[in-house]
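As structure tokens, the structure follows; a few thoughts come after it.
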Amino acid sequence: MAVYIKTEEEIELIRESGVILGKAHAEVAKLIAPGVTTKELDKVAEEFIRDNGGIPSFKGYSGFPATLCVSPNEQVVHGMPTDEPLKDGDILSVDCGVFYKGFHSDSAYTYAVGEVAPEVLRLMEETKNSLYKGIEQAVAGNRIGDVGFAIQHYVESKGYSVVRELVGHGVGKQLHEDPQVPNYGRRGQGTKLKEGVVLAIEPMINLGKKEVVHESDGWTIRTRDRKASVHFEHTVAVMKGQADVLTTFEFIEQALSEKNG
Ligand code: MG
Ligand code: MG
């Protein structure tokens, strides 16, 4: 297993990629509302990324047809854009990657569409919190299991469950590199983290049970019990003392606060 250590220059390129990605996410965030289709969102994201000199990382990856993975409600990840309009009360996970100057960045955010049930809003909030619990552990000298343990411990204490079949990953010249980064684990177990390792940390957290099933389209993964699932993701560089978060939700959250203003 090859875990690549990135140079400072490479980490800066991933951060540049992450800025384009964060702004592309924000363009999507501005449009999310009942009646909008996920194909419309996908078109806007692709145009924004290409206009800014990037390439959508997911389009064509293992044959995936789109720029965004869009996964509403009980869909966990890898949903494909459709002509189906979003409905009031839906949630929508949007996952996107950008390839820029030789490096990928990868991040995901889950949105409320109109008025969403309070228990689902809480799941969204706590899943985002769990992402930062994981990021806190992504420091040199810790192990992969410390990241997963922190996420799992946090969300299970709230009564939620952690998807096992899908995990975070190294990211860099390739969209998916070693090591795998599960959202569950044991403290002190797994690969030791070194300064300069870049990881996509991405909790996928279910309101109900942890089990998931593959839909017959070959891509979409949903919860078996059809309860909601939420996904947040950042690309981070492992550092001494504190991880360096290379993707950003700043533009998304600015767009959301202006929209809800
Ligand atoms: Mg992703
Ligand atoms: Mg990822």
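All values reported here derive from a predicted model rather than from experimental measurement. Index from 1, following the sequence. Just follow the structure's listing: the first ligand is 1, and inside any ligand the first atom is 1.
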[Y] and [X] side chains, donor-acceptor separation under 3.5 Å:
X	Y	value
H234	T247	yes
Y154	N129	yes
E202	H231	yes

May I ask you to list the protein N, O or S atoms found at less than 2.8 Å from the Mg ion (ligand 2)? D106 OD2, H169 NE2, E202 OE2, E233 OE2
Considering all heavy atoms, the nearest P85-G35 contact: CB-O, 3.6 Å
Partner set under side chain to side chain donor-acceptor pair (under 3.5 Å) for T127, not counting sequence neighbours: none
Salt bridge check: are R122 and E126 linked by an N-O gap of less than 4.0 Å? no
